[in-house]
Amino acid sequence: MESRLRLLRNLCIILGLFLWLGQPGRVSGENKRAFLADYVQVCYNLNNGLFSDEANCVLQSSDGFIWVASYAGLQRYDGQNFQLMLDNNGRAVSRTRKLFEDSVHRLWIGTNNNGIYVNENGIISKYRQVDSASVRAFAEDQEGRIYVGTSEGVG
């Protein structure tokens, strides 16, 4: 029995090697450079528009904006400029840690000990205060309920 299992394992390894080596889509070093030549890499930081040198979370929303969560605040990138986002009271949404877009295109913003915000139709408002908790994750169920994972549990 043990020899059959060993034989089966070895056949699987050999078959896997044949499949891997025979992949037609593998890109050689020269072709890879040509493929990547069409792309531009830009590192954003304090020197060229970003409001912070760190990013806790990056998300592209369905409307095409790039959102950056950082301890300096929530930032939105439109392809040209970064904008520090303010809530409906005119205050910066600071200590942002996690971003999530739900099925109806609301942007959920989790902070580090500063509550949960939601951007709905371009208006950012505080959804709930989460005292002494850091938002670590968002999830949505099939009925559209939003769950928030914090350093103190799920709510």
Side-chain angles (χ1 to χ4, degrees), residues 16-155:
L17 283 172
F18 278 119
L19 290 173
W20 181 72
L21 291 172
Q23 288 180 344
R26 293 195 58 217
V27 178
S28 68
E30 187 175 313
N31 290 338
K32 187 184 290 185
R33 281 190 296 277
F35 172 74
L36 294 176
D38 294 338
Y39 293 91
V40 175
Q41 176 182 330
V42 177
C43 181
Y44 289 102
N45 56 33
L46 280 169
N47 297 326
N48 60 353
L50 201 59
F51 289 85
S52 174
D53 277 337
E54 48 86 18
N56 296 322
C57 185
V58 177
L59 176 138
Q60 183 172 14
S61 56
S62 59
D63 57 5
F65 289 109
I66 304 289
W67 297 84
V68 179
S70 73
Y71 291 123
L74 178 65
Q75 301 160 64
R76 184 180 71 183
Y77 182 65
D78 62 7
Q80 300 293 318
N81 299 301
F82 286 95
Q83 178 183 3
L84 188 62
M85 301 305 291
L86 306 176
D87 68 10
N88 59 343
N89 294 318
R91 290 183 290 230
V93 182
S94 62
R95 298 193 311 247
T96 55
R97 182 174 174 88
K98 191 67 180 167
L99 302 170
F100 175 76
E101 186 175 31
D102 66 16
S103 60
V104 293
H105 307 296
R106 293 177 296 191
L107 178 67
W108 294 86
I109 304 137
T111 69
N112 197 27
N113 305 330
N114 198 26
I116 299 166
Y117 291 80
V118 64
N119 179 5
E120 191 167 11
N121 300 320
I123 298 170
I124 299 174
S125 52
K126 186 169 262 187
Y127 181 76
R128 190 171 91 191
Q129 181 64 36
V130 183
D131 294 323
S132 71
S134 175
V135 175
R136 304 291 173 92
F138 288 100
E140 180 178 10
D141 68 13
Q142 292 176 341
E143 284 79 40
R145 290 181 291 238
I146 303 298
Y147 295 90
V148 181
T150 72
S151 56
E152 297 181 356
V154 176

Original post:
Are Val93 and Asn119 side-chain neighbours, meaning at least one heavy-atom pair lies under 4.5 Å?
Top reply: no

Subject >> Check: Lys126 and Asp87 side chains under 4.5 Å, non-hydrogen atoms >> reply: no

**OP:** Mind checking side chain to side chain contact (heavy atoms under 4.5 Å, CB included) for Asn56 and listing every partner two or more places apart, or none if nothing turns up?
**Re:** Glu54, Tyr71

Original post:
Rounded to the nearest 0.5 Å, what separation is found between the OG1 atom of Thr111 and the CD1 atom of Ile116?
Top reply: 7.5 Å

Original post:
Do other residues, nucleotides or ligands put more than 12 heavy atoms under 6.0 Å from Glu143 CD?
Top reply: yes

**OP:** Mind listing the closest non-hydrogen atom pair of Asp141 and Arg145 along with its distance?
**Re:** OD2-NE, 2.7 Å

Subject >> Student check: side-chain heavy atoms of Val68 and Tyr44 closer than 4.5 Å >> reply: no

Original post:
Is the backbone of Gly110 close enough, under 3.5 Å, to the side chain of Arg97 for a donor and an acceptor to pair up by distance?
Top reply: no

Original post:
Of all residues at least two apart in sequence or in a different chain, which pass the side chain to side chain contact (heavy atoms under 4.5 Å, CB included) check with Arg76?
Top reply: Phe65, Trp67, Gln83, Met85

Original post:
How many angstroms lie between CZ in Phe51 and CG in Leu74, if you round to the nearest 0.5 Å?
Top reply: 11.0 Å

Original post:
Any donor and acceptor pair, going by atom type alone, linking the side chain of Thr150 with main-chain N or O of Val135 inside 3.5 Å?
Top reply: no

Subject >> Point-to-point distance, once rounded to the nearest 0.5 Å, from OG of Ser70 to CZ of Arg95 >> reply: 12.5 Å

Original post:
Where the side chain of Ser125 meets the backbone of Asn88, is there a donor-acceptor pair that is under 3.5 Å apart?
Top reply: no

Original post:
Which is it for Leu107 and Leu59 under the side chain to side chain contact (heavy atoms under 4.5 Å, CB included) test, yes or no, and what are the steps along the way?
Top reply: CA-CA 10 Å; Leu107 178 67; Leu59 176 138; 3.8 Å; yes

Subject >> Minimum-distance pair of heavy atoms, taken over all atoms of Ala133 and Ser151 >> reply: CA-OG, 3.6 Å

Under 3.5 Å, which donor-acceptor pairs do the side chains of residues 99-106 form with other protein atoms, sequence neighbours left out?
unit_1: Glu101; atom_1: OE1; unit_2: Ser62; atom_2: N; d: 2.9
unit_1: Glu101; atom_1: OE2; unit_2: Ser62; atom_2: N; d: 3.3
unit_1: Glu101; atom_1: OE2; unit_2: Ser62; atom_2: OG; d: 2.8
unit_1: Asp102; atom_1: OD1; unit_2: Val104; atom_2: N; d: 3.1
unit_1: Asp102; atom_1: OD1; unit_2: His105; atom_2: N; d: 3.1
unit_1: Asp102; atom_1: OD1; unit_2: Arg106; atom_2: N; d: 2.8
unit_1: Asp102; atom_1: OD2; unit_2: Arg106; atom_2: NE; d: 2.6
unit_1: Asp102; atom_1: OD2; unit_2: Arg106; atom_2: NH2; d: 2.8
unit_1: Asp102; atom_1: OD2; unit_2: Trp108; atom_2: NE1; d: 2.9
unit_1: Ser103; atom_1: OG; unit_2: Glu140; atom_2: OE2; d: 2.6
unit_1: His105; atom_1: ND1; unit_2: Ser62; atom_2: OG; d: 2.9

Original post:
Would you say Tyr127 has more than 12 foreign heavy atoms packed within less than 6.0 Å of its OH?
Top reply: no

**OP:** Could you tell me the separation between the CG atom of Asp53 and the CG atom of Asn45, rounded to the nearest 0.5 Å?
**Re:** 5.0 Å

Original post:
Got a second to check how far Leu84's CG is from Gln75's CD, nearest 0.5 Å?
Top reply: 6.0 Å

